[in-house]
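As structure tokens, the structure follows; a few thoughts come after it.
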Amino acid sequence: MAASGSKSCLQYLFHLAHDHLDFRLPEIKSLLALRLKPFHPCGDFKEQSPFWCLDCLSEEDVCTVMARSVCAKSAFELWGHGQTHSELRTSLLNYPPEKMSPYMQKGSSYRINVYTFNKTLLFEDSIKKIDALDYLPFEGTVSLKNPQHIFCLLEDYGTDPNNIPEHPKYIYFGRWIADGQRELIRSYSVKNRHFIGNTSMDAGLSFIMANHAKAKDNDLVFDPFVGTGSLLVACSHFGAYVCGTDIDYNTIHGKGRSSRKNQKWRGPDENIRANLRQYGKEDMYVDVMVSDASKPVWRKAALFDAIVTDPPYGIRESTRRTGSHKDIIKSPDGLYSDSHVPVSQAYHLSDIFTDLLSFAAHHLVLGGRLVYWLPVHRPEYCEEMVPVHPCLLLISNCEQTLSSHTSRRLITMEKIKEPEELDSLAHLSDPRFIPYQGHNAFREKYFSGLNKRSAKDDTKSDVSGK
């Protein structure tokens, strides 16, 4: 159990999970921003490394970050480091004794763990490495089951599994502070989710998006393409009130065909509210409603602290909006009957992202964040394809590779100023506003690696996914 108290001017070692590498730095930066702390790496910082050394933080800062991060495994107060065990010994012996002594005194208990990245050690070798630390002045007793203090020797053998060196490239030793929230990936797995769809966002990415959005206690978070509410579940876990809209009536009301194997129709209680109830977050549920994201239904005001969404790409989930190229005949009083079903038409990706950025500029609070997925065709991707808006600052752009020629990018933007009073076309002449131009290449070339039958089935399906 780590000692309590806040300490400054120490160096801390973050051990990162070696997956979703592009997403790790923006997540840690976003969580530090919630503490109003900068990301300040020590020495030769390598983003792809599983170990990051940071300073200008307190222990309380580190614990707060680890209480939310799904990209970080553990954090340590760094006592020593070096390229060899000899350099590690010198570094540890130079560490101020007054900072070590509270955790080494008589009457205390401790345990030393050995962790190696990209190499598996025999148990006997781990014991030898622990015994080699006998120069450290531990006066307490060893307790393997319930120690007061935990220390860790961490060895980095590089990132190439096909070329593992005999000796570690770098070695660290430190006092364990806290673990990250990797367990959330399992406990919130969509495999055990009450209500799911074909495109329900997996738990890990949902929590990463919530962290990029800086969703926190008492925030109001909105998803305009809410689907089965996976992103609402993640944001509510961090204390945010959540709401959303979707054009699909069956999804919002939990009706129609089930996405589960061996289940034809959805059950009576399969809905978004039930998902939040499953995780004890029903009190954070505001509401969801059937609505067209291309039509203005909200009053003109900054309503939301964050907008977190996964728009449909038109590949497995059709991109639709209400409207028709034909003339619609209304009744004399101008109202539709109760049984009226709105006609829908194609909603092009370029329009989706243009509308989404405009909506965020008008309805986010100042400093609020927009987090969304952008599909791209990798061979033709360039940064100019990412849509921008004069009121929104690009914070991060992270790639998740889907195939050799397709990927999607998690875009995080922050509102930096209120929209100016412009006429409906004025923003198009603003050089800072660039509508999304990549949807045709993505849509047309996505199917290039698929057989004709699969492509035909996907393009005809209306409810099979994003």
Side-chain angles (χ1 to χ4, degrees), residues 1-2 14-28 30-31 50-52 62-76 113 115-118 120 145 150 152 154 176-213 215-216 221 223 226-240 242 258-263 269-285 308 310 371 373 398 400-402 408 410 465-466:
M1 182 176 180
F14 284 68
H15 174 206
L16 284 301
H18 205 64
D19 57 10
H20 298 310
L21 302 188
D22 256 14
F23 301 80
R24 302 185 307 180
L25 183 57
E27 187 202 52
I28 299 300
S30 295
L31 295 180
F51 301 105
W52 294 353
V62 175
C63 289
T64 301
V65 169
M66 300 306 291
R68 294 188 49 145
S69 175
V70 293
C71 290
K73 287 187 172 182
S74 302
F76 307 86
N113 296 331
Y115 175 81
T116 57
F117 180 80
N118 198 32
T120 302
K145 290 187 177 180
I150 299 175
C152 195
L154 304 103
W176 174 82
I177 300 296
D179 287 331
Q181 302 302 307
R182 301 285 293 173
E183 170 61 20
L184 293 177
I185 299 174
R186 184 200 62 81
S187 59
Y188 278 76
S189 171
V190 294
K191 294 180 180 179
N192 304 316
R193 189 74 53 83
H194 185 73
F195 175 47
I196 62 170
N198 292 330
T199 59
S200 295
M201 184 68 63
D202 77 75
L205 289 174
S206 296
F207 283 110
I208 286 174
M209 293 177 71
N211 281 332
H212 283 209
K216 60 185 183 301
V221 177
D223 183 353
V226 69
T228 57
S230 295
L231 301 180
L232 302 192
V233 169
C235 292
S236 68
H237 176 81
F238 295 127
V242 293
S258 173
S259 297
R260 298 184 186 279
K261 187 178 181 181
N262 301 324
Q263 180 180 333
D269 193 37
E270 287 193 53
N271 52 57
I272 296 173
R273 181 190 287 271
N275 276 349
L276 273 77
R277 185 187 307 125
Q278 177 181 355
Y279 301 105
K281 299 297 179 181
E282 188 176 5
D283 56 338
M284 311 309 295
Y285 176 82
V308 185
D310 181 22
V371 181
W373 288 100
C398 311
Q400 181 192 23
T401 301
L402 302 178
R408 59 179 181 175
L410 185 63
K466 295 288 184 192

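Atom SG of C398 sits about 8.5 Å away from atom CD1 of I208, to the nearest 0.5 Å. The CG atom of D179 sits 4.0 Å away from atom OG of S74, with the distance rounded to the nearest 0.5 Å. In this structure, N275 CG and S230 OG are separated by 7.0 Å, a value rounded to the nearest 0.5 Å. How far CG of N113 is from CZ of F76: 8.0 Å, rounded to the nearest 0.5 Å. One finds the OG atom of S30 at 12.5 Å from the CZ atom of F23 (value rounded to the nearest 0.5 Å). A distance of 7.0 Å separates NE2 in H194 from CG in N271, rounded to the nearest 0.5 Å.
Under the 3.5 Å distance criterion, the side-chain polar atoms of S236 are matched with a main-chain donor or acceptor of V233. Put simply, the side chain of S200 gets close to the backbone of G197: a donor and an acceptor are under 3.5 Å apart. Side chain of Q278 to backbone of N192: a donor-acceptor contact under 3.5 angstrom is found.
Residues satisfying the ring pair (Phe, Tyr, Trp, His ring centres under 6.0 Å) criterion with H212, sequence neighbours excluded, are absent altogether. Scored by the side chain to side chain contact (heavy atoms under 4.5 Å, CB included) test, M209 finds M201, L231, V308, V371, W373, L410 as partners (sequence neighbours excluded). Qualifying ring pair (Phe, Tyr, Trp, His ring centres under 6.0 Å) partners for F14, counting only residues two or more places apart in sequence or in other chains: none. Listed by chain and residue number, H18 satisfy the ring pair (Phe, Tyr, Trp, His ring centres under 6.0 Å) test with F117 (two or more places apart in sequence, or in another chain). Applying the side chain to side chain contact (heavy atoms under 4.5 Å, CB included) rule to D202 yields the partners L205; only residues at least two apart in sequence or on another chain are considered. Annotation: salt bridge (Lys or Arg N to Asp or Glu O under 4.0 Å) contacts of R273 (sequence neighbours excluded): E282.
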side-chain contact (heavy atoms from CB on, under 4.5 Å) between R408 and T401, intermediate numbers included: CA-CA 7 Å; R408 59 179 181 175; T401 301; over 6 Å; no
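For the pair C152 and W176, the minimum side-chain heavy-atom distance is 4.5 Å or more. Residues V242 and L276 form a side-chain contact, since some pair of their non-hydrogen atoms from C-beta on lies under 4.5 Å apart. Y115 is listed as a side-chain neighbour of K73, based on a closest heavy-atom distance under 4.5 Å. The shortest distance between side-chain heavy atoms of E27 and V70 falls below 4.5 Å. Side chains of L184 and S187 form a contact here, defined as non-hydrogen atoms less than 4.5 Å apart. Looking at R24 and D22, their side chains never come closer than 4.5 Å, going by heavy atoms from C-beta outward. Y279 is not listed as a side-chain neighbour of H237, based on a closest heavy-atom distance of 4.5 Å or more. In this structure the side chain of V226 reaches within 4.5 angstrom of the side chain of I272, judged on heavy atoms.
Centroid-to-centroid, the aromatic rings of H15 and F51 come within less than 6.0 Å.
A cation-pi arrangement is found for R68 relative to F238, the charged atom lying closer than 6.0 Å to the ring centre and inside a 45° cone about the ring normal.
Taking each heavy atom of I177 and C63 in turn, the nearest pair found is CG2-SG, 3.6 Å.
Taking a cutoff of 4.0 Å between a charged side-chain nitrogen and a carboxylate oxygen, D19 and R182 qualify as a salt bridge.
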